[in-house]
Amino acid sequence: MKMRDEYFNKKNFFRLLLFLLVILGITGFSIKQSKNMSSVKITKGNIIFEVNSDLYTRISSSFPESKPIMDGYQASENLTINNKVISKFKLKEVQESTLEGKLLGREWLVRGEVDEDGLKLLKNLKLTAYDDFPNLISVEVEYVNASKEDVYINNWINGNYQILPQGDQPPFWAFQGSSSSSRSDWVKPLGPGYYQKNYMGMNDSDYGGGIPVTSVWRPDLNIAVGHLSLVPELVNLPTEMLKDSKVVIGVSNDFAHRTLFKAQDTITTLETFVSVSKGDYFENLAKYSELMQEKGIEMVKPEEAAFEPIWCAWGYGREFTMEEVVNTLPKVKELGIDWAVLDDGFQVAEGDWEPASDRFPEGEDAIKKLVERIHGYGLKAKIWWTPLAADPGSKALEQNPQMIIKKENGAPQFITWWDAYYLSPTKEETVKHTKDILHLFLNQWDFDGLKMDGQHMNAVAPDHTLENPEEAPKGLPDFFHMIYNEARKIKPNAVVENCPCGTCMSYYNMASTNQTVSSDPLSSWQIRHKGKTYKALVPQTAYYGDHVELSDNGSDFASSFGIGAVLGTKFTVPSSSENEESEKFLLTERKEKVWKKWFNLYNDKMLSKEKYIGSLYDIGYDKPETHVIKKQDRLYYAFYADSWEGKIELRGLENNTEYRIVDYFNKVDLEHVKASQPFLDVNFKEFILLEAVPVGK
């Protein structure tokens with residue numbers, strides 16, 4: 001008993017000590033609460049979160065030179081009952097406690113209630129400040145129907161903030177993490193009248209999912225909201241700009257049908273968050289990912305081979321011949337490229353992955369011989385594959401029709417792009433079918449990696465053949481984790497590329513790929529800002545810029561190179577076959593000189609493996625657009641503009657160090673600079689790549 005008493009005395013002592021530290025502000029956050037409990041004020045780092053007597057909230061920032069975020073308290077967490085928005089709750093009680101476990105911090109439970117017109121609701125607003133994540137407050141709300149009658153709930157919303165403009169042009173830039181068939185930019189300026197729903201479920205037949213974060217910023221400050229669930233959720237993150245240029249953000253759940261909120265029942269929102277930072281969206285996105293990983297998301301480790309440059313046979317299209325692929329391999333090797341990818345067109349059908357007889361009359365032996373030829377040149381072989389898709393009439397579906405996702409009306413869920421059906425990712429039959437394919441590709445055929453391709457991979461619709469239809473979309477990340485583990489079990493160094501064509505890749509799927517990709521970019525701008533996004537969320541990832549032929553003018557290697565992306569191409573060589581597709585991508589003598597220079601430079605610098613420093617420049621407001629990579633004691637700057645003549649600023653230089661600046665692409669020495677005077681006068685079109693080398697090294 002004595003030991004037990006000593007234990008509790010020590011435990012109480014440390015709790016008292018922690019409480020005193022909080023009061024003194026030593027732990028990095030503080031709370032102020034009036035005696036009559038009319039308001040609560042929490043400060044964590046540079047975010048100030050206040051709750052008034054109506055349980056309305058106000059966000060402000062203590063960053064130097066930051067301007068007001070909002071013009072008063074707002075009904076940021078509310079719900080709609082019987083088509084009426086319920087937002088005002090009378091504050092009743094505040095409880096404060098210490099978070100225990102892996103994530104340390106403080107938690108406040110703010111209780112309120114509303115009782116009017118026969119409706120009595122209790123609101124429990126839980127606010128959390130994590131020790132290791134300053135500038136971020138998480139919010140979770142519990143609503144209790146304390147009425148005697150059942151009611152209908154239409155939706156709930158958290159983090160519903162109207163953010164003030166400050167006269168900048170444009171008023172705001174935004175990162176939005178949703179996906180749709182428009183394949184629009186993830187980062188864009190906002191103007192009056194702008195609206196995007198940012199639904200995280202299926203937005204079109206093939207498109208859905210994404211990154212559940214919206215981040216809007218002005219030159220002085222960035223404000224981000226999102227949710228912290230460890231699985232995909234079918235919620236919205238709407239962004240709207242009003243006529244007065246205020247921007248409205250939030251996280252909302254719209255109930256698909258009239259949903260009964262029974263008397264004495266409880267509805268709990270997701271844990272959402274609001275965070276602030278200086279600069280563009282990079283830091284808020286990076287902190288979000290770090291917190292998610294602390295909560296349980298496990299990102300796979302980088303794979304050395306994933307950083308090696310890539311040639312893909314897609315330049316020959318689906319009508320390629322074996323001769324065309326084999327005849328290109330010597331040039332692939334000569335250019336310093338390490339991977340050769342067999343793309344779409346080899347298979348009988350989606351779902352049936354046996355070789356097509358018109359392409360491979362010798363069947364599987366022909367594919368095995370192709371892989372042997374690739375390996376014979378010292379290259380690695382990757383194979384294209386679109387998992388979770390099977391064509392109507394395929395043997396795969398004849399044998400296992402239960403794999404198909406069914407809509408609520410019983411119809412199959414269709415993938416428009418592939419003229420195929422969606423397979424349900426959590427069903428045993430789908431998992432077995434997928435494992436069989438992996439063994440075919442990596443074991444029997446001896447490929448070294450996978451190019452998983454298709455926008456449909458980013459999300460799936462609820463499967464109404466399951467007891468819980470949402471098990472399908474929420475279980476999708478586990479499906480890709482299974483693929484990754486199985487592939488690496490067969491080939492320990494397998495590269496597993498996830499290319500969800502044109503979509504904003506699901507954050508949850510990022511945890512099971514060792515090669516992300518710009519995925520059918522529509523412009524060089526997309527290659528660059530997608531790269532910045534991936535490097536915020538998965539800093540060690542091998543980010544592939546996709547075929548250079550998809551960039552501006554089909555030749556903008558600089559956009560991939562300067563962002564620290566893996567270089568790739570789908571060039572073709574002259575062929576005896578009449579392949580009109582391949583004519584577009586012929587490696588002419590002039591192009592070959594350019595291609596060779598870039599691949600040699602890539603293999604020499606290998607910037608794709610180095611640290612990308614994303615917080616030095618604002619990708620929206622800073623001109624020219626700038627990206628920085630640090631390699632040992634050197635800094636590599638990439639500046640982009642249609643044309644530029646004037647000063648550029650080299651941020652991030654160490655104090656008391658003099659640097660020699662080299663235009664390393666053109667092999668021209670420029671000036672010497674120091675951190676105290678980090679400016680250069682330059683003149684360039686499209687790009688300039690600079691290396692800052694400490695003098696004497």
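Below, each value reflects all heavy atoms present in this structure, side chains not excepted, and no hydrogens, waters or symmetry copies. Everything numeric here is computed off the predicted structure, so don't read it as measured data.
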D185/Q526 under side-chain hydrogen bond (donor to acceptor under 3.5 Å, both in side chains): CA gap, chis, key distance, verdict: CA-CA 6 Å; D185 295 342; Q526 287 197 349; 2.9 Å; yes
side-chain hydrogen bond (donor to acceptor under 3.5 Å, both in side chains) assessment of Y207 paired with R183: CA-CA 9 Å; Y207 292 84; R183 301 190 176 191; 3.0 Å; yes
Under the side-chain contact (heavy atoms from CB on, under 4.5 Å) criterion, do N485 and I483 qualify, and how do the steps go? CA-CA 6 Å; N485 287 339; I483 289 177; over 6 Å; no
Tell me, with the steps shown, if W186 and K530 meet side-chain contact (heavy atoms from CB on, under 4.5 Å). CA-CA 7 Å; W186 306 355; K530 289 179 179 184; 3.6 Å; yes
Please evaluate residues D204 and S180 with respect to the criterion side-chain hydrogen bond (donor to acceptor under 3.5 Å, both in side chains), reporting the C-alpha separation (whole Å), side-chain torsions for both, the decisive distance (0.1 Å), and the verdict. CA-CA 6 Å; D204 296 288; S180 71; 4.8 Å; no
Decide side-chain contact (heavy atoms from CB on, under 4.5 Å) for L109 and L125; before the verdict, give the C-alpha distance in whole Å, the side-chain angles of both, and the deciding distance to 0.1 Å. CA-CA 6 Å; L109 187 61; L125 179 67; over 6 Å; no
Check the pair N198, S178 against side-chain hydrogen bond (donor to acceptor under 3.5 Å, both in side chains), reporting the backbone distance first and the verdict last. CA-CA 5 Å; N198 294 318; S178 63; 2.6 Å; yes
I'd like to know whether Q540 forms a side-chain contact (heavy atoms from CB on, under 4.5 Å) with M299, so could you lay out the CA-CA distance, the side-chain angles of the two residues, the decisive distance to 0.1 Å, and finally the verdict. CA-CA 10 Å; Q540 300 304 313; M299 296 290 177; over 6 Å; no
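Without hydrogens or angle criteria, N135 side chain to N46 main chain gives a donor-acceptor distance under 3.5 Å. For the pair S66 (side chain) and L221 (backbone), a donor-acceptor distance under 3.5 Å is absent. Counting only distance, with no hydrogens or angles, the side chain of Q196 and the backbone of P238 share no donor-acceptor pair below 3.5 Å. Distance alone, capped at 3.5 Å, is enough to place a donor-acceptor pair between the N203 side chain and the S179 backbone.
Ion pair E271/K295 flagged as a salt bridge, since at least one NZ, NE, NH1 or NH2 atom sits closer than 4.0 Å to an Asp/Glu carboxylate oxygen. A salt bridge does not link K90 to E113: none of the charged nitrogens lies less than 4.0 Å from a carboxylate oxygen. Ion pairing between a basic and an acidic side chain is recognised when a charged N comes within 4.0 Å of a carboxylate O; K532 and D280 show such pairing. Using a 4.0 Å cut-off between charged nitrogen and carboxylate oxygen, E96 and R106 count as a salt-bridge pair. Between E116 and K84 there is a salt bridge, with a side-chain nitrogen of the basic residue lying less than 4.0 Å from a carboxylate oxygen of the acidic one. For K246 and D71, the salt-bridge test passes: some basic side-chain N is under 4.0 Å from an acidic carboxylate O.
Nearest heavy-atom pair, P64 versus K278, reported as atom, atom and distance to 0.1 Å: O-NZ, 3.3 Å. Of all heavy-atom pairs spanning H456 and I415, the tightest one is CD2-CD1, 3.6 Å. The minimum heavy-atom distance between G201 and L234, with the atom names listed, is CA-CD2, 3.7 Å. Between G105 and D131, the shortest heavy-atom distance links the atoms CA-OD1, 3.2 Å. Between S506 and N458 the shortest heavy-atom distance is N-OD1, 2.7 Å. Heavy atoms only, all atoms of each residue included: S62 and G45 are closest at OG-O, 3.8 Å.
Side-chain contact between L136 and L291: present, with at least one pair of heavy atoms (C-beta onward) separated by less than 4.5 Å. Counting heavy atoms from C-beta outward, K88 and V114 have side chains that stay 4.5 Å or more apart. Contact check for N52 versus R58: no side-chain heavy atoms found under the 4.5 Å cut-off. Contact check for L119 versus V151: side-chain heavy atoms found under the 4.5 Å cut-off. Taking the side chain as every heavy atom from C-beta outward, Y281 and V213 never approach each other to under 4.5 Å. Side-chain contact between T128 and L99 is present, with at least one heavy-atom pair separated by less than 4.5 Å. Here the side chains of Y195 and T239 are not in contact, with every heavy-atom distance at 4.5 Å or above. With contacts defined as side-chain heavy-atom distances shorter than 4.5 Å, the pair S61/I47 does not qualify.
Below 30°, between 30° and 60°, or above 60°: for H227 and Y508 the angle between ring planes is below 30°, a parallel geometry.
For Y73 and Y56, the ring centers are positioned 6.0 Å apart or more. Aromatic rings of F273 and Y130 (six-membered ring for Trp) have centroids beyond the 6.0 Å cut-off, not under it. Checked against the 6.0 Å centroid criterion, the rings of F414 and Y421 qualify as a close aromatic pair. When ring centroids are compared, Y288 and Y507 come within the 6.0 Å threshold. Aromatic pair F172/W217: centroids not less than 6.0 angstrom apart.
Atoms CG and CG, from N253 and L79 in turn, are 11.0 Å apart once rounded to the nearest 0.5 Å.
The neighbour count for N468 CG, taken as heavy atoms of other residues, nucleotides or ligands under 6.0 Å away, is above 12. Around NE2 of H481, the count of heavy atoms belonging to other residues, nucleotides or ligands within 6.0 Å does not exceed 12. Within a 6.0 Å radius of NZ in K102, more than 12 heavy atoms belonging to other residues, nucleotides or ligands are found.
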